[in-house]
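Residue numbers start at 1 and run along the sequence shown. Numbering of ligands and ligand atoms starts at 1, following listing order.
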Amino acid sequence: MLKDKHIAVYVTGGIAAYKSLGIVRALIKQEAIVQVIMTDAAQKFVTPLTFATLSQHPVITDNFTPQTSPDDFIPHIQLALWTDLAIVVPATANIIGKMANGIADDITSTSLLATTAPKLIFPTMNTDMYDNPAVQKNLQTLQEMGIQIVEPAEGFLAEGMTGKGRLPELSVIMNAIENNFTEKKLAGKKVVVTAGGTKEAIDPVRYIGNRSSGKMGLAMATVARDLGAEVTLITTVDAPLAGMNIIQVQTASEMMQQLQDVFPTTDALVMAAAVADFKPLHVADQKIKKNDDEDLFTIELTKNPDILKTIAATKNKQFVVGFAAETQNLLSNAEKKLAHKNADVILANNVANEGSGFGVDTNRITLLQKNHEPTTWPLMSKIDVAKKFWDFYINR
Ligand code: PMT
């Protein structure tokens with residue numbers, strides 16, 4: 001997909017600059033033609049020589065020395081005209097501020113200003129810097145200018161704190177890049193995806209929940225959007241995803257209600273959400289107090305609706321996909337779900353296996369459909385699972 005595409009990789013001065021090496025490598029592996037541009041600050045973290053070696057091309061570091069060929073006597077304009085896609089990774093608060101305000105005081109900011117090709121940036125910084133209203137305002141401005149922004153991931157940051165600000169996983173980054181060159185094979189299709197674990201209230205402060213992070217559902221929604229589908233994501237987790245209709249819910253009943261509204265006009269439903277089978281029969285109005293005399297506490301549970309089964313029973317043209325989260329007898333349990341839940345396809349995952357199921361960025365899926373042998377896919381990123389699934393849907 002990226003073969004012979006001209007990708008300008010702008011590296012600015014953050015510790016994540018070393019991770020951009022992996023991105024350049026991945027682009028070269030896909031036979032893209034890569035031109036790296038580095039700010040002065042970026043060169044304090046990684047040398048231009050390292051990027052030049054990996055990109056198989058000299059790195060541009062200043063405005064005044066023609067570096068790529070004798071013809072490049074105005075480097076920033078040559079570069080801007082050459083570019084099919086410009087990515088800024090990592091994108092510091094500084095470059096975000098410059099891009100939002102039209103400042104052009106070095107080769108990076110000048111070339112980005114001169115570039116009319118699509119631009120994709122990966123903000124990466126300390127959480128407090130990222131949350132600063134000035135940075136948020138600049139990001140808002142960039143979004144309004146049509147610049148693609150991939151939100152930073154949460155996790156352990158270089159300064160020792162945990163928060164939002166990390167560069168996302170390579171699979172997320174590559175997907176965002178590839179999206180600029182993806183054929184929109186789901187254009188005209190309406191897709192609904194559910195994601196995350198439902199939260200069933202016990203009292204105003206407690207709930208029954210599960211370990212679902214929503215990553216699998218978000219990946220399904222992201223890839224469908226990138227393929228041109230009109231996506232509705234019904235989710236219990238935060239979903240910092242642009243270009244889709246996001247509906248936040250908490251409980252299975254809320255999820256069911258929202259689905260009932262959108263399902264009739266949908267082409268495909270993917271139920272990746274981990275729905276609680278039971279909920280507390282009574283929700284306490286006030287926080288339940290501990291009683292020192294009692295060591296046991298009982299909560300009476302009642303069945304939640306089986307959303308997939310109920311919704312799929314009303315289908316006419318819709319293609320309905322369920323997941324099966326199992327810890328044993330994967331195939332036989334998933335086959336029962338395929339038969340009982342009116343689904344066209346069940347994507348079964350063994351959530352007890354390492355790298356598979358809840359919370360992680362990877363999954364191993366077995367696809368089951370009626371009158372076909374099950375197919376097991378190798379362990380891969382959840383984004384790749386989603387790509388493989390939508391490819392299956394398109395070519396089925
Ligand atoms: O969110 P992640 O951390 O990325 O983890 C991904 C995942 C493990 C949650 C996902 O891959 C997955 O398996 N999702 C389905 C979880 C689940 O509820 O599985 P189940 O086997 O209990 O249910 C089977 C199907 O029925 C599922 O599509 C489920 O959404 C649906 N269901 C279940 C119960 C219920 N009351 N209503 C439902 O619609």
Suppose the criterion is side-chain hydrogen bond (donor to acceptor under 3.5 Å, both in side chains): which pairs have a residue in [range], not counting sequence neighbours?
range	result
residues 373-386	Thr366-Thr376, Ser381-Asp384
residues 115-127	Asn126-Glu159
residues 218-228	Asn175-Asp226, Asn179-Asp226

### Query
If you measure from the Lys or Arg side-chain nitrogens to the Asp or Glu carboxylate oxygens, is any gap between Glu31 and Lys3 under 4.0 Å?
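Salt bridge flag = yes for Lys3 with Glu31.
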### Task
Using a strict cut-off of less than 4.0 Å between a Lys/Arg side-chain nitrogen and an Asp/Glu carboxylate oxygen, indicate whether Asp267 and Lys317 qualify as a salt bridge.
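Result for this pair is yes, salt bridge flagged.
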### Query
Is the NZ or CZ atom of Arg396 both under 6.0 Å from the centre of the six-membered ring of Phe392 and within 45° of that ring's axis?
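Judged by the rule (NZ or CZ under 6.0 Å from the ring centre, within 45° of its axis), Arg396 is not positioned above Phe392.
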### Message
Heavy-atom contacts with ligand 1 below 4.0 Å: which residues, ordered by chain and residue number?
### Response
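Within the 4.0 Å shell of ligand 1, which is judged on heavy atoms, sit Ser212, Ser213, Gly214, Lys215, Met216, Met271, Ala272, Ala273, Ala274, Val275, Ala276, Asp277, Pro305, Asp306, Ile307, Leu308, Gly322, Phe323, Ala324, Ala325, Lys337, Lys341, Asn349, Val351, Gly357, Phe358, Gly359, Asn363, Lys382.
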